[in-house]
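A short worksheet on the structure shown next.
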Number of protein chains: 2
Amino acid sequence: MSTKRKTTIQDLADYANVSIGTVDRVIHKRGKVSPDKQKKVEEAIKKLNFNPNLLARTLALGQQFVICSLFPGTTHPNSYWSLPKRGVTEAVVDYRDYGLECHAMEYSLFDELSFVEKADAIIDMNPDGVILAPLFEKESLLFIKKLDEKKIPYVFIDAVIPNQKNLSYIGPDLKGSGHVAGKLMSSMLNSFDDILILNFVKGLENSHINIIEKGFREFFSSSKDLGNGKINSVTVPSIEEADITRELTKYYIKNPETKGVFVTNSRAHIIAKYHAMHELPIKLIGFDMLEANILEMKNGNIDFLISQRPISQGAMAVKTLFEFFVQKKTPAKIRHVPLDIIIKENIDYHIKLQEPVNDKL
Amino acid sequence: MSTKRKTTIQDLADYANVSIGTVDRVIHKRGKVSPDKQKKVEEAIKKLNFNPNLLARTLALGQQFVICSLFPGTTHPNSYWSLPKRGVTEAVVDYRDYGLECHAMEYSLFDELSFVEKADAIIDMNPDGVILAPLFEKESLLFIKKLDEKKIPYVFIDAVIPNQKNLSYIGPDLKGSGHVAGKLMSSMLNSFDDILILNFVKGLENSHINIIEKGFREFFSSSKDLGNGKINSVTVPSIEEADITRELTKYYIKNPETKGVFVTNSRAHIIAKYHAMHELPIKLIGFDMLEANILEMKNGNIDFLISQRPISQGAMAVKTLFEFFVQKKTPAKIRHVPLDIIIKENIDYHIKLQEPVNDKL
DNA sequence: TAAAAAAATGTGTGCCTACACATATTAATG
DNA sequence: CATTAATATGTGTAGGCACACATTTTTTTA
């Protein structure tokens with residue numbers, strides 16, 4: 001099956017009776033072209049509908065882009081942060097032939113110093129772009145100040161520090177995720193049922209949590225028909241299962257009428273197991289499709305999970321930087337990922353999508 | 001920022017003390033290489049971690065791929081089928097430089113003959129691959145028989161004819177979508193509430209609808225605690241608003257206790273308007289993020305929409321064919337898209353994702 | 001008006017691969 | 001051992017583009 005060839009610069013040159021060198025100067029606005037030929041070439045570009053071949057261009061330029069990612073380390077093999085990381089890795093493969101390379105750096109969520117160390121290492125590496133999950137706000141600010149100085153573009157992922165010069169933020173709308181959780185909770189409960197909001201503290205995640213909780217409460221307060229029960233929030237200053245269990249027991253003994261729990265991070269599975277063990281018919285909503293959460297959802301111990309497409313986030317971040325480098329595309333400053341509502345009945349399709357792609361060659 | 005260059009075939013040649021011609025023969029298993037040099041080159045590939053540059057390869061081959069899509073025509077500007085079409089178009093742009101070209105064909109959902117005509121046109125065109133929405137089963141079977149004869153690979157999208165030689169099916173799990181709808185409905189209603197399943201007929205969609213309805217009923221029958229109310233189904237043999245309204249009125253007068261409606265296609269917006277007009281507090285679940293459905297959801301007249309990522313479907317189909325052509329990747333035969341649960345609170349994020357990408361260059 | 005300077009335009013090479021073709025090496029045959 | 005056949009190996013070119021450099025044309029200056 002043959003079809004019309006694509007227009008090349010040689011075609012333009014022929015049309016305008018000039019050499020490809022002149023065409024090239026026009027295309028790249030390098031000047032040194034007489035006005036009449038300039039016009040003629042521009043006419044050719046329009047008339048022949050010229051689109052430069054990105055492949056050939058890339059090949060000719062032989063450019064090399066190095067980006068660094070700085071994410072929290074994956075404590076468990078299937079923890080949340082392995083997912084954005086996966087998205088980055090997969091996207092980098094797509095752009096490998098275009099000269100893109102990525103160095104993945106990790107810091108510990110329990111150690112600000114590790115963040116600083118890795119950040120410095122990135123600065124030393126002098127990359128072309130950075131993908132950053134700015135969970136330590138203070139340290140992140142110091143880091144991006146250096147990036148700004150070196151004019152290295154950076155993309156925030158998953159979390160955001162407002163009013164910075166980041167190229168883009170790719171992640172959830174935290175308040176919106178609270179709204180979604182509120183709606184889902186209200187659809188399962190009666191308006192007078194009591195609800196518990198459960199926060200965990202670790203590092204600087206606090207500020208985020210507050211916004212999620214705010215959104216959740218906002219949903220109920222925006223309607224007089226809803227949320228006539230109590231909505232309490234408890235913050236457990238630990239992510240240890242023992243600590244959580246203890247706090248939970250304390251709370252439930254005091255508040256036996258609790259009908260729904262909203263866990264503002266990815267650890268709903270711990271609560272789910274607790275509910276199952278104590279045969280508590282309490283509705284449960286949490287975040288993220290971790291292995292453990294998937295299991296508890298399938299066991300019927302989690303009713304809704306809200307997922308923020310962590311893999312897509314990673315892939316989008318890479319794509320954003322690449323398009324900025326190669327095509328000078330300026331992305332939207334804020335790009336909220338869809339908040340996927342996961343239930344037992346549709347979770348398998350989402351898992352399938354998470355699975356690595358098939359064999360090569 | 002400089003970094004180690006990527007390994008080229010020249011590097012391999014140097015390492016193995018042969019010419020690039022020999023390297024090429026090894027890479028492409030063209031034979032005519034002495035065993036010792038063969039081994040040496042293979043060693044070089046491993047040691048230098050060689051990955052052929054897809055860009056240079058594509059450029060060198062100068063290959064041209066032509067695919068055709070055969071979808072139902074878009075009756076309204078924002079109808080369902082404009083979305084997969086959008087996905088195809090956008091993906092084709094991504095692969096344009098790789099020599100991919102797509103001819104979009106459309107048939108009328110009310111005219112089998114138009115399908116046959118376009119199908120024949122595609123056969124005449126002798127494309128390298130086809131993306132097909134096989135909504136007319138009988139005619140589709142004739143079409144793919146011809147495709148099989150000509151060894152033209154094809155991908156089913158949105159709908160599937162079982163047991164064919166299609167490269168892949170990309171679309172929803174229909175029964176699963178019924179399960180999801182069932183779960184969502186049950187979460188909103190009491191177990192003894194009456195439910196109406198609403199089907200519309202147009203063309204051969206019937207068979208699909210039956211499966212969706214089956215899934216919906218299956219969900220309720222699988223639990224003794226649920227679905228103790230009546231679950232009736234009505235099939236309206238038209239998609240005209242007037243006809244639908246009449247049938248609905250007839251039904252509601254006979255069944256005033258109806259508490260929930262499940263519309264098995266994308267026309268929930270019509271029912272939504274009816275409910276609003278008559279002030280009926282009936283829960284409503286439908287499919288697909290059409291403009292009209294989005295509006296009614298925002299108005300509060302639709303509770304849940306189930307979306308099957310129509311844009312992704314189109315994009316995935318293109319990607320599948322391309323990877324099959326270029327990288328000989330064999331896709332999974334069935335790829336069910338995630339069933340997105342859309343509510344008023346998360347619809348905006350999904351709309352944003354649907355919007356066309358930003359400016360170029 | 002010739003020479004020098006400036007501006008405009010053209011040419012050639014590299015990027016990496018695939019493939020046709022040319023050449024070199026080895027094996028087989030009389 | 002010379003000759004042919006078979007096999008192995010090397011070379012050249014195309015593909016579209018960017019860029020450095022060479023060459024031509026025009027303008028300026030003495």
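Convention: sequence-line order gives letters A, B, ...; per-chain numbering from 1.
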| said: For B:Y349 and A:H336, take the angle between the two ring planes, folded into 0 to 90°, and tell me which bin it lands in: parallel under 30, tilted 30 to 60, perpendicular over 60. | reply: perpendicular
| D:dC19 phosphate, OP1 or OP2: any side-chain N/O from A:R30 under 4.0 angstrom? | yes
| field | Whole-Å gap separating P (D:dC17) and CD (A:Q10) | value | 10 Å
| remark: With the side chain defined as heavy atoms from C-beta on, B:T8 is closest, among C:dC16, D:dT11, C:dT9, to C:dC16
| request: Return no unless some side-chain N or O of B:T22 is found under 4.0 Å from OP1 or OP2 of D:dG10. | output: yes
| query | Is there a donor-acceptor contact under 3.5 Å from the side chain of A:Q313 to the main chain of A:D158? | reply | yes
| To the nearest Å, how far apart are A:L55 CG and D:dG15 P? | 15 Å
| note | Assert: residue with more 5' nearest nucleotide on DNA chain C, out of A:P35 and A:G21, is A:P35
| said: Let's see if you can work this out: which of C:dC16, C:dT9, C:dA18 has an atom nearest to the side-chain heavy atoms of B:H28? | reply: C:dA18
| request: Grab the two heavy atoms, one from B:Y15 and one from B:A44, that are nearest each other, plus how far apart they are. | output: CD2-CB, 3.3 Å
| request: Looking only at side-chain atoms of B:S19, point me to the closest of D:dT11, D:dG16, C:dT17. | output: D:dT11
| message | By nearest atom, which of the nucleotides C:dC19, D:dG16, D:dG10 is closest to the A:A60 side chain? | response | D:dG16
| task | Figure out the CD/C1' separation between A:Q63 and D:dC19, and round it to whole Å. | result | 13 Å
| query | Quick one: A:D24 CG to C:dT11 C1', roughly how many Å, whole number? | reply | 13 Å
| task | Verify the contact: side-chain N or O of B:R57 to OP1 or OP2 of C:dA18, cut-off strictly under 4.0 Å; return yes or no. | result | yes
| query | To the side chain of B:L61, which of C:dC21, C:dA18, D:dC17 is closest? | reply | C:dA18
| Nearest-nucleotide pick for A:K32, side chain only, options being C:dT17, D:dT9, C:dA8 | C:dA8
| request: Using whole Å, report how far CG of A:L59 lies from C1' of D:dA14. | output: 13 Å
| task | Look at the aromatic rings of B:Y95 and B:F322 and report parallel, tilted or perpendicular, splitting at 30° and 60°. | result | parallel
| Are any of A:S34's side-chain N or O atoms less than 4.0 Å away from OP1 or OP2 of D:dT26? | no
| note | note: B:N17, atom CG; D:dA8, atom P; distance rounded to Å ~ 19 Å
| Could you give the CD1-to-P distance, from A:I9 to D:dG15, as a whole number of Å? | 13 Å
| query | Do B:F156 and B:Y169 have ring centroids that are under 6.0 Å from one another? | reply | no
| Presence of salt bridge, B:D120 and B:K146, under 4.0 angstrom | yes
| remark: Out of C:dT17, C:dT9, D:dT9, minimum distance to the side chain of A:K37 belongs to C:dT9
| What nucleotide among C:dC21, D:dG12, D:dA18 has an atom nearest to a side-chain atom of B:I20? | D:dG12
| query | CD1 of B:I45 versus P of C:dT17: gap in Å, rounded? | reply | 11 Å
